[in-house]
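Start at 1 and go down the list; that is how both ligands and their atoms are numbered. Predicted model only: the values in this text are computed from it and were never measured.
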Amino acid sequence: MDYKSEYLHPQFEALSREELEKLQIERLQATVRHCMNSPFYKQRFEECGLKPEDIKSLDDIRKIPFTTKQDLRDTYPFGMASVPLTKCVRLHSSSGTTGNPTVILHTQKDLDEWANAVARCLWMVGLRPDDVFQNSSGYGMFTGGLGFQYGAERLGALTVPAAAGNSLRQIKFIKDFGTTAIHAVPSYVTRLYEVMREQGVDPRRDTKLKVLAIGAEPHSEEQRKRIEDMLGVKAYNSFGMSEMCGPGVGFECKEQNGLHFWEDYYIVEIVDPETLEPVPDGEIGELVLTTLNREAMPLLRYRTRDLTRVLGRTCPCGRNHIRLDRMKGRSDDMIVLRGVNIFPIQIEKILMQFEELANNYLITLTTDEDNDNMTVEVELDKFDDDYGRLQKLEKEIRRRLKDEILLTPFVRLVPKGSLPVSEGKAVRVVDKRTVYQ
Ligand code: AMP
Ligand code: ZN
């Protein structure tokens, strides 16, 4: 390994657009041919009369039907596999709230490639074999656990599988092992910092932390800045999803100007969720991904439900892999209140601009006498019993939220530590409305 190189895989990371697209069409053709081994895709292709030789250019991808989460549920557990089960060495499953869960199968080669992708992301933001990487995310079925574990090991870092929770132990590990990098969901990082503060631990003085990988849930730029200021580190956005392996799909480079999605692994499309037609660069639409080097379970034109937009296809870091904006949220997470569409992240963005407020908040939707309402509860950073000052603050928050979301929620300022904290992905919205809109 060349410690000094900015690229872990220069043969892929440093490709020109032209070279990348040439690689993509070759890999797409091979993937489509391979999909003929999957009972699901074989039938799909027959139904729409598609033959692998019909895919001659990257634009021909539009001839392929979309794959949805429902397809994964309908073929549960193994109906999508493109290889015999004896070739598979692992599965990850996500429990759906409705219907069957979904299953993603992996061969050893898939796991190797996945580890390579995560290692590449961590290398890109400066991790090297002399780093100590603490993975403070849930293990088990949640892919952020094993995904980062194998990726950091592949890179050669000393890896601490701390898992989520037990903040006092986490802090002890950080200090005793000289942890330089952590991966965790953003809501847990803020919790960790609060416990550090309670324990009198100053991350700048008492730890060697320099890099954080935060992801797995939507978070605002404001939240990221807070995390960076609190811990005195760089915090890089990491995008992943089980269907695409897990982490390692999209990651920010040191420029922090959007997520590089690895185009030697995936074809990225952004489509209008209604018409399913491509949207121009810069416009928000649904992210659709096609895997390019998966063996056990390739997925073609998978509708992720995540909303984002293309920011660019070049970058001062030298990589030409597409850059996407941080996720605005999933289309399923959109709140429709009195006919207005709202994403929780819009509310977070405003709350994080008030230094009087801590990091934890909860949005509750209720029906009160036939009227649907939103209450935003948010924790105060410091104890305050000046009623007049609190009232003024509450009013100002309400005003700023109204400017952003176009309706006025109730705002409740609550003492620090009074809202629930989760060790996995944060639950930000509780919908108690009697009639859903
Ligand atoms: P899972 O497969 O359970 O790990 O969930 C994947 C989903 O988590 C994605 O489809 C996104 O909705 C969300 N997600 C993952 N990473 C991010 C990120 N960096 N920013 C926003 N949402 C994310
Ligand atoms: Zn870059």
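- The atoms of ligand 1 that sit less than 4.0 Å from any heavy atom of Lys425 are 1 (P), 3 (O), 4 (O), 5 (O), 6 (C), 7 (C), 8 (O).
- Asp74 and Gln70 share a side-chain donor-acceptor pair at under 3.5 Å.
- Taking 4.0 Å as the cut-off between side-chain N and carboxylate O, Lys22 and Glu26 count as a salt-bridged pair.
- Here Asn237 has side-chain heavy atoms under 4.0 Å from ligand 1, and that is the only part of it that gets that close.
- The pair Lys69-Glu243 counts as a salt bridge, with a side-chain nitrogen and a carboxylate oxygen less than 4.0 angstrom apart.
- Put simply, the residue from Leu292, Thr291, Asn116, Val249 that forms a side chain to side chain contact (heavy atoms under 4.5 Å, CB included) with Tyr265 is Asn116.
- Not a single N, O or S atom of His321, from either the backbone or the side chain, sits less than 2.8 Å from the Zn ion (ligand 2).
- For Arg330, every heavy-atom contact with ligand 1 shorter than 4.0 Å involves the side chain, none the backbone.
- Using a 4.0 Å cut-off between a side-chain N of Lys or Arg and a carboxylate O of Asp or Glu, Asp71 and Arg303 do not qualify as a salt bridge.
- Taking atom 20 (N) of ligand 1 as the reference point, the nearest protein heavy-atom neighbour is Glu217 O, 3.4 Å.
- Here Ser238 has backbone heavy atoms under 4.0 Å from ligand 1, and that is the only part of it that gets that close.
- Closest to atom 12 (O) of ligand 1, if we only count protein heavy atoms, is Asp306 OD1, 2.5 Å.
- The Zn ion (ligand 2) forms the vertex of an angle spanning NE2 of His260 and SG of Cys315; to the nearest 10 degrees it equals 110°.
- In terms of polar-atom proximity, defined here as any N/O pair under 3.5 Å, Thr304 makes no such contact with ligand 1.
- Given atom 15 (C) of ligand 1, the protein heavy atom at minimum distance is Gly240 O, 3.2 Å.
- At a threshold of 4.0 Å, the pair Arg313-Asp281 counts as salt-bridged, since one of the basic side-chain nitrogens sits closer than that to a carboxylate oxygen.
- Around atom 13 (C) of ligand 1, the closest heavy atom drawn from Gly144, Ala216, Gly215, Pro186 belongs to Ala216.
- Between Asp112 and Arg154 there is a salt bridge, since at least one side-chain N of the basic residue sits less than 4.0 Å from a carboxylate O of the acidic one.
- The distance criterion of under 3.5 Å between nitrogen or oxygen atoms is not met by Thr143 with respect to ligand 1.
- Ion pairing of Arg224 with Glu221 is present here, as a side-chain N (NZ or NE/NH1/NH2) and a carboxylate O approach within less than 4.0 Å.
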